[in-house]
Amino acid sequence: MSSKHRDIPGTIFFDGAMATKGYALNKMCFSFNNAEGRAAFKQDEAAYCDKFGLTEVQKEAVLKRDIMTLEREGGSIYYLAKFAGVLGLNVQDVGGIQTGRTTEEFQAYLDSQGRGKNNG
């Protein structure tokens, strides 16, 4: 069964094919739930990527902190949030990256929509 999506500019659809494509990447990101995984990653990032069998594109994106490429390479935002945490990024930081805004611009946008941290 094929999946058809509306073409929404800037949207990366996470479907079964993307889940398969990003399985190793998401498994690695899940490992960041444990302190041991985070420590091993920080000790040798490239070797940690290799341990999980990331593709070269995924590995390069991890090493370059390229969240958008990781999404295009099958990374689920739920698992990539674990990676972002290892990097010291928060949800607003990632939202800014995804929308091409700075963190401050993204937070201001959320505030203007009544969805920011200053709105309840």
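For the numbers below, each heavy atom of this structure counts, side chains included, while hydrogens, waters and symmetry mates do not. Just so you know, these numbers come straight off a predicted model, no measurement behind them.
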| CG of Asp93 to CG of Leu87: how many Å apart, nearest 0.5 Å? | 10.0 Å
| request: Return the minimal non-hydrogen interatomic distance between Ala61 and Leu70, and the atom names on each side. | output: CB-CD2, 3.6 Å
| task | Could you tell me whether the side chain of Gln98 reaches within less than 4.5 Å of the side chain of Glu71, counting heavy atoms only? | result | yes
| With side chains defined as the heavy atoms from C-beta onward, is the minimum distance between Ile77 and Phe14 less than 4.5 Å? | no
| said: Let me check something: do Val94 and Tyr78 share a hydrophobic cluster, defined by ILVMFWY side-chain heavy atoms less than 4.5 Å apart, either directly or through other members? | reply: yes
| message | Counting only heavy atoms from other residues, nucleotides and ligands, does the tally under 6.0 Å from OH of Tyr79 exceed 12? | response | no
| request: Would you name the heavy atoms of Cys29 and Leu80 that are closest together and state the gap between them? | output: SG-CD2, 4.1 Å
| said: Restricting to non-hydrogen atoms, name the atom on Gly53 and the atom on Ala24 that form the minimum distance, rounded to 0.1 Å. | reply: O-CB, 4.0 Å
| task | Report the distance from atom OG1 of Thr55 to atom CD of Glu73, rounding to the nearest 0.5 Å. | result | 5.5 Å
| Linking I/L/V/M/F/W/Y whenever their side-chain heavy atoms sit closer than 4.5 Å, directly or via other members, would Met28 and Met68 fall into one cluster? | yes
| task | Compute whether any side-chain donor of one residue and acceptor of the other, for Tyr109 and Thr99, lie under 3.5 angstrom apart. | result | no
| task | Could you tell me whether the side chain of Val86 reaches within less than 4.5 Å of the side chain of Lys82, counting heavy atoms only? | result | no
| message | Side chains of Leu54 and Val62, heavy atoms from C-beta outward: is any pair under 4.5 Å? | response | yes
| task | Determine whether Phe41 and Phe52 make a side-chain contact, defined as any pair of heavy atoms from C-beta on separated by less than 4.5 Å. | result | no
| message | Has Gln107 got a side-chain atom pairing as donor or acceptor with Gln92's backbone, closer than 3.5 angstrom? | response | no
| said: Would the distance check show the side chain of Gln58 and the main-chain N or O of Lys21 forming a donor-acceptor pair, the cut-off being under 3.5 Å? | reply: yes
| query | What pairs of residues pass the salt bridge (Lys or Arg N to Asp or Glu O under 4.0 Å) test when at least one of them lies in residues 61-70, not counting sequence neighbours? | reply | Glu45-Arg65, Glu60-Lys64
| task | Of all the heavy-atom pairs spanning Asn26 and Gly74, show the shortest one and how long it is. | result | ND2-O, 3.0 Å
| Which atom pair, heavy atoms only, marks the closest approach of Ala40 to Tyr48? | CB-CE1, 3.6 Å
| How far does SG of Cys49 sit from CG of Asp44, to the nearest 0.5 angstrom? | 9.0 Å
| query | Measuring from Phe83:CZ to Ile67:CD1, what's the distance to the nearest 0.5 Å? | reply | 5.5 Å
